[in-house]
Colleague: 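I'd like to ask some things about the structure below.
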Amino acid sequence: RKRETMSDEAKAFENLRKAEKKLNSFTIFSNKYENALEYFEKAAFLFKSAGNFQQGAEAFLKLADCHDKLNQTQDSAQARVEAALCLKRFDVDRAIEVLAEACSIFISHGRIATAAKHQFDPGELLEADHEYDRAIEAYETSASHYMMAEQPVTAFKAKLKIAHISGTIGQYRRSADMFEEISWANLEGPGRFNVRDYLFRAGVVHFAMAAVGQ
């Protein structure tokens with residue numbers, strides 16, 4: 001009879017058991033955190049593949065902790081990013097906290113653009129939850145770091161988000177100013193073809209300001 005294959009989730013729990021065993025073992029000639037790394041990583045990705053995002057997040061965070069103990073900080077940051085991808089499925093606030101930890105590590109290693117990318121992601125999560133003030137703050141941080149990394153085109157994506165959200169929540173002055181800033185900054189280069197559209201949007205916002213007496 002053909003042997004039944006284990007499901008991804010079953011394999012994940014098996015790898016998690018092995019990782020915990022390695023972590024709790026006493027060893028002189030090897031490092032227990034290094035020994036556990038491979039099993040936590042396998043468990044984490046298998047949980048994610050199986051759709052068990054809560055267990056996946058926990059496994060990724062344990063993987064990050066092992067990397068921390070081994071002073072492998074950039075690997076720790078990447079494990080936190082993976083954990084956040086799982087966490088956002090059921091705990092947005094915790095996902096944002098973990099991403100912030102990862103971004104701090106990336107920045108400490110001079111990976112400003114990478115940090116900016118992962119600061120943009122919380123903006124989208126918060127925007128989807130209609131937490132617009134916090135979303136704007138996340139997009140502002142992302143835009144600032146993209147500018148520091150000399151990636152203005154990507155920074156404009158974050159600034160456009162700020163302009164749109166500001167208009168949506170009635171912060172018309174901020175919205176108009178942002179659309180105009182993006183317009184003037186794109187008079188030359190690949191973004192110049194969108195300048196007319198940005199100025200038109202700024203005009204629409206000015207019209208809304210006049211209508212409400214701002």
Side-chain angles (χ1 to χ4, degrees), residues 53 57 74 77-78 80-214:
F53 298 109
Q74 294 198 65
Q78 192 55 50
R80 282 175 163 81
V81 170
E82 292 290 347
L85 290 174
C86 293
L87 284 164
K88 74 176 186 179
R89 303 295 189 108
F90 62 92
D91 190 341
V92 169
D93 284 338
R94 180 66 179 133
I96 291 170
E97 287 177 13
V98 171
L99 277 174
E101 293 169 4
C103 288
S104 294
I105 296 170
F106 288 132
I107 290 169
S108 72
H109 285 276
R111 296 177 61 185
I112 308 299
T114 303
K117 175 184 181 298
H118 295 301
Q119 287 159 335
F120 188 93
D121 297 339
E124 292 187 308
L125 293 174
L126 291 163
E127 184 181 357
D129 278 356
H130 308 292
E131 294 195 42
Y132 295 125
D133 288 336
R134 292 176 66 196
I136 287 172
E137 185 178 341
Y139 288 134
E140 285 177 336
T141 303
S142 177
S144 173
H145 281 113
Y146 272 128
M147 293 302 288
M148 285 173 61
E150 298 183 354
Q151 294 188 16
V153 174
T154 319
F156 293 145
K157 286 175 60 180
K159 291 184 177 184
L160 278 172
K161 285 282 194 178
I162 296 168
H164 283 297
I165 294 173
S166 297
T168 299
I169 62 177
Q171 296 181 6
Y172 298 126
R173 171 56 63 191
R174 174 190 246 173
S175 179
D177 289 347
M178 190 61 70
F179 277 127
E180 289 169 1
E181 177 187 330
I182 296 167
S183 300
W184 304 133
N186 281 282
L187 286 175
E188 297 180 1
R192 65 186 183 279
F193 301 108
N194 297 317
V195 168
R196 182 178 296 179
D197 178 52
Y198 299 148
L199 287 173
F200 173 76
R201 295 185 194 188
V204 169
V205 176
H206 280 294
F207 181 79
M209 289 170 62
V212 297
Q214 284 191 15

Colleague: Looking only at non-hydrogen atoms, find the nearest pair between S183 and V195 and report the distance.
Modeller: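 Looks like O-CG2, 3.5 Å.
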Colleague: Counting N and O atoms only, with roles assigned by atom type, does the side chain of S166 sit under 3.5 Å from a partner on the main chain of Y172, one being a donor and the other an acceptor?
Modeller: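 No; zero donor-acceptor contacts below 3.5 Å.
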Colleague: Kindly give the heavy-atom pair with the smallest separation between A143 and A155, and that separation in Å.
Modeller: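 Result for this residue pair: O-CB, 3.7 Å.
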Colleague: Enumerate the ring-ring contact (aromatic ring centres under 6.0 Å, His included) contacts for residues 86-111, please, sequence neighbours excluded, ordered by first and then second residue.
Modeller: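 Matches after skipping sequence neighbours: F106-H118.
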Colleague: Could you measure the distance from the CD atom of Q119 to the CD1 atom of I96? Nearest 0.5 Å is fine.
Modeller: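 If I round to the nearest 0.5 Å, the distance is 12.0 Å.
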Colleague: Quick check: do D133 and Q171 have side-chain heavy atoms less than 4.5 Å from each other?
Modeller: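 Heavy-atom side-chain distance check passes, below 4.5 Å.
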Colleague: Mind checking side chain to side chain donor-acceptor pair (under 3.5 Å) for E101 and listing every partner two or more places apart, or none if nothing turns up?
Modeller: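 Applying side chain to side chain donor-acceptor pair (under 3.5 Å) to E101 gives R80.
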Colleague: Kindly give the heavy-atom pair with the smallest separation between G123 and A135, and that separation in Å.
Modeller: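 Distance-wise, the nearest heavy atoms are O-CB, 3.6 Å.
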Colleague: If you compare all heavy atoms of A176 against all heavy atoms of A202, which two are closest, and at what distance to 0.1 Å?
Modeller: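 Nearest pair, atom of A176 first, then A202: O-CB, 4.1 Å.
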Colleague: For A116 and S142, which heavy atoms make the closest approach, and how far apart are they?
Modeller: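 Smallest interatomic distance, heavy atoms only, reads O-OG, 2.9 Å.
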Colleague: Residues in side chain to side chain donor-acceptor pair (under 3.5 Å) with Q78, at least two apart?
Modeller: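 Scan of Q78 (side chain to side chain donor-acceptor pair (under 3.5 Å), adjacent residues dropped) gives none.
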Colleague: Would you please name every residue forming a side chain to side chain donor-acceptor pair (under 3.5 Å) with K161, sequence neighbours left out?
Modeller: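 K161 satisfies side chain to side chain donor-acceptor pair (under 3.5 Å) with E127 once adjacent residues are dropped.
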Colleague: CG of L125 to CG of L99: how many Å apart, nearest 0.5 Å?
Modeller: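 Spacing of CG (L125) from CG (L99) equals 7.5 Å.
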Colleague: F120: which residues meet the ring-ring contact (aromatic ring centres under 6.0 Å, His included) condition with it, sequence neighbours left out?
Modeller: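 Per chain and number, F120 pairs via ring-ring contact (aromatic ring centres under 6.0 Å, His included) with Y139.
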Colleague: For D93, enumerate each residue passing the salt bridge (charged side-chain N to carboxylate O under 4.0 Å, His left out) test, keeping only those at least two apart in sequence or located in another chain.
Modeller: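 Scan of D93 (salt bridge (charged side-chain N to carboxylate O under 4.0 Å, His left out), adjacent residues dropped) gives R134.
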Colleague: If I compare all heavy atoms of M178 with all of K159, which pair ends up nearest, and what's the gap?
Modeller: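 That closest heavy-atom pairing would be CG-O, 3.2 Å.
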Colleague: Could you pull out all residues at least two apart from H164 that satisfy ring-ring contact (aromatic ring centres under 6.0 Å, His included)?
Modeller: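 Checked H164 against ring-ring contact (aromatic ring centres under 6.0 Å, His included); matches are F179.
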Colleague: Pairs in or reaching into residues 135-148: which pass salt bridge (Lys or Arg N to Asp or Glu O under 4.0 Å), with residues at least two apart or in two chains?
Modeller: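 Residue pairs with at least one partner in residues 135-148: E140-R174.
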Colleague: Can you name the residues that form a salt bridge (charged side-chain N to carboxylate O under 4.0 Å, His left out) with D177, not counting sequence neighbours?
Modeller: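 Applying salt bridge (charged side-chain N to carboxylate O under 4.0 Å, His left out) to D177 gives R173.
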Colleague: Excluding sequence neighbours, so at least two apart, what forms side chain to side chain contact (heavy atoms under 4.5 Å, CB included) with I112?
Modeller: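 If we apply the side chain to side chain contact (heavy atoms under 4.5 Å, CB included) test to I112, skipping adjacent residues, the hits are I107, H145, M148, A149.
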Colleague: For A83, give me all partners under side chain to side chain contact (heavy atoms under 4.5 Å, CB included), at least two apart in sequence or on another chain.
Modeller: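 A83: side chain to side chain contact (heavy atoms under 4.5 Å, CB included) contacts with F60, L61, V98.
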Colleague: Quick check against the 3.5 Å criterion: does S108 have a side-chain atom that pairs as donor or acceptor with the backbone of I105?
Modeller: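 Yes; at least one donor-acceptor contact below 3.5 Å.
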Colleague: Answer yes or no: is there a side-chain heavy-atom contact under 4.5 Å between E124 and D121?
Modeller: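 The answer is yes; the side chains approach within 4.5 Å.
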Colleague: Taking atom OG1 of T168 and atom NE2 of H130, what is their separation to the nearest 0.5 Å?
Modeller: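 Rounded to the nearest 0.5 Å, the OG1-NE2 separation comes out at 11.0 Å.
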Colleague: Please name all residues satisfying side chain to side chain donor-acceptor pair (under 3.5 Å) with R89, sequence neighbours left out, ordered by chain then number.
Modeller: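 Residues passing side chain to side chain donor-acceptor pair (under 3.5 Å) with R89: none at all.
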